[in-house]
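The structure appears below as C-alpha cells.
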Number of protein chains: 2
Amino acid sequence: MSRSNPRVLSTLERAGGFASAQEVYRLMQREGESIGLTTVYRSLQSLVNDKIVDVLRRDDGEAIYRLCGDAHHHHLVCKSCGDTVEIEGGAIEKWAKVMAEEHGFRDVGHTAEIFGICSKC
Amino acid sequence: MSRSNPRVLSTLERAGGFASAQEVYRLMQREGESIGLTTVYRSLQSLVNDKIVDVLRRDDGEAIYRLCGDAHHHHLVCKSCGDTVEIEGGAIEKWAKVMAEEHGFRDVGHTAEIFGICSKC
DNA sequence: AGCACAAATGAAAATGATTTTCATTCCCAT
DNA sequence: ATGGGAATGAAAATCATTTTCATTTGTGCT
Ligand SMILES: [Zn+2]
Ligand SMILES: [Zn+2]
Ligand SMILES: [Zn+2]
Ligand SMILES: [Zn+2]
C-alpha cells in the first residue's frame with residue numbers, strides 16, 4: 001500500500017473539502033503542480049482507508065471525496081440556475097441515527113439534498 | 001423519448017426487484033430472450049423517468065435499479081449485501097420544507113438515503 | 001561518496017459501465 | 001399497400017477508474 005501524497009489532501013481542503021479525483025487533478029494542474037492522475041487516485045484511496053476522507057457518489061456515479069473533519073452539511077440546489085445554498089442538517093443526522101439503530105444497521109452514513117426553484121428564478 | 005420494453009420490467013421483477021442493467025441483460029440472455037443491451041439501458045432509464053423504478057449506486061459505482069412502492073419513502077441500504085429497508089421520512093419532509101421556506105425556494109423536492117452495514121453482515 | 005533495496009511516481013494500456021451513432025426493422029394510420 | 005415516426009441493436013465513442021510496468025526517488029548502510 002502507498003502513503004498519501006500530502007499535496008493531494010491539501011488540494012482537497014482548498015477545494016472546499018468536496019471534490020472528485022478528476023477535479024482534484026485538474027485543480028492541481030491549473031495551479032502548476034506536477035502530479036500524475038494515478039497518484040491522485042492512489043492518494044485519495046489511501047486517505048479513505050485511513051478514514052481521513054469520506055467517499056460517496058454523485059448522481060452520475062463519479063466518486064467524490066470529502067474531508068471527514070470538515071463541518072458536515074447539505075445542499076439546497078436551484079433546478080433552474082444551479083445556485084446552491086449550504087444548509088444545516090441537524091434534523092437529518094438525528095433521523096439517520098435513529099433509523100439505523102431501529103433496524104440494527106451500523107457504520108451508517110447518509111445523503112440528503114433538497115432541490116427546487118430559487119427566489120430569483 | 002422511448003417507451004420501456006415490458007420484458008425488461010418483468011425481468012427486473014423476477015430478479016427480486018434489484019439488479020444492474022448488465023445483470024438484467026445477462027439474465028434475459030440466459031433465459032433465451034433476444035434483446036440488445038442498449039434497449040435494456042433505455043428501458044430502465046424510461047422506468048426511472050416514470051418513477052416506476054428507483055436507481056441508486058453500488059459501492060463500485062454501478063447503477064442498480066429497483067422496483068419501488070408508489071408512496072413516497074426513503075431507504076436504508078446495506079453497503080455490503082444490498083439489503084434494503086423502506087423507511088418513513090417524516091423528519092426529512094419537515095426539514096426540507098422548513099429549509100426551502102427559509103431560503104425562498106419553491107417547488108421543492110428532496111432525496112435522502114441512509115447507508116450502512118446491516119446486522120446480518 | 002557509492003551501493004542496494006524498497007517505496008513512490010506516472011505514462012500508457014486495459015477495463016468496464018454507460019452513452020451515442022446510425023442504419024435497419026416495426027408499427028400504425030391513411 | 002405505403003409513408004413516416006418510433007423502437008431496436010450492433011458497433012463505436014466516452015469516461016472514470018484500475019492495472020502494468022519501467023523509471024525515479026528516498027533511505028539506510030559501508
Ligand atoms: Zn435559480
Ligand atoms: Zn448530514
Ligand atoms: Zn447486509
Ligand atoms: Zn421524503
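Letters go in sequence order (proteins before strands), and every chain restarts at 1.
Within 4.0 Å of A/Ser34, counting heavy atoms only, lie sugar-phosphate atoms of the nucleic acid but no base atom.
Across the protein-nucleic acid pair, B/Leu44 atom CG and D/dG9 atom C1' stand 15 Å apart, rounded to whole Å. Computed from coordinates, the A/Arg7 CZ to D/dT25 P distance equals 13 Å when rounded to whole Å. Here C/dT18 presents its P atom at 14 Å from OH of B/Tyr25, a figure rounded to the nearest Å. The nearest whole Å value for the distance from the CD atom in A/Glu62 to the P atom in C/dT19 is 14 Å. A/Arg57 has its CZ atom 13 Å from the C1' atom of D/dC15, to the nearest Å. Atoms CD1 (A/Ile35) and P (C/dA11) sit 10 Å apart, rounded to a whole Å. Look at CG on A/Asp60: it is 11 Å from P on C/dT18, rounded to the nearest Å. In this structure, A/Arg58 places its CZ atom 12 Å from C1' of D/dA16, rounding to the nearest Å.
Of the possible polar contacts, one joining the B/Glu88 side chain to the B/Gly90 backbone as a donor-acceptor pair under 3.5 Å is found. Listed for the A/Asp60 side chain is a donor-acceptor partner under 3.5 Å among the backbone atoms of A/Glu62. Although no hydrogens or angles enter the test, the distance criterion places a donor-acceptor pair under 3.5 Å between the side chain of A/Thr11 and the main chain of A/Arg7. Judged by distance alone, with hydrogens and angles left aside, the side-chain atoms of B/Ser43 form a donor-acceptor pair with the main-chain N or O of B/Thr39 at under 3.5 Å.
OP1 and OP2 of C/dA8 both lie 4.0 Å or more from every side-chain N or O belonging to A/Asn5.
With a 6.0 Å radius and a threshold of 12 heavy atoms from other residues, nucleotides or ligands, A/Asp59 has its CG atom at or below the threshold.
For A/Arg3, counting side-chain heavy atoms from C-beta on, the closest listed nucleotide (C/dT18, C/dA8, D/dT17) is C/dA8.
Salt-bridge formation is not detected for the pair A/Arg57/B/Glu113: no Lys NZ or Arg NE/NH1/NH2 atom is positioned less than 4.0 Å from an Asp or Glu carboxylate oxygen.
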Would you tabulate the nitrogen or oxygen pairs shorter than 3.5 Å linking the protein to nucleotides 18-20 of chain D?
| residue | atom | partner | partner atom | Å |
| --- | --- | --- | --- | --- |
| D/dT18 | OP2 | A/Gln45 | OE1 | 3.4 |

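B/Val40 and B/Val8 make their closest contact through CA-CG2, 4.2 Å (heavy atoms, listed as atom of the first residue, atom of the second, distance).
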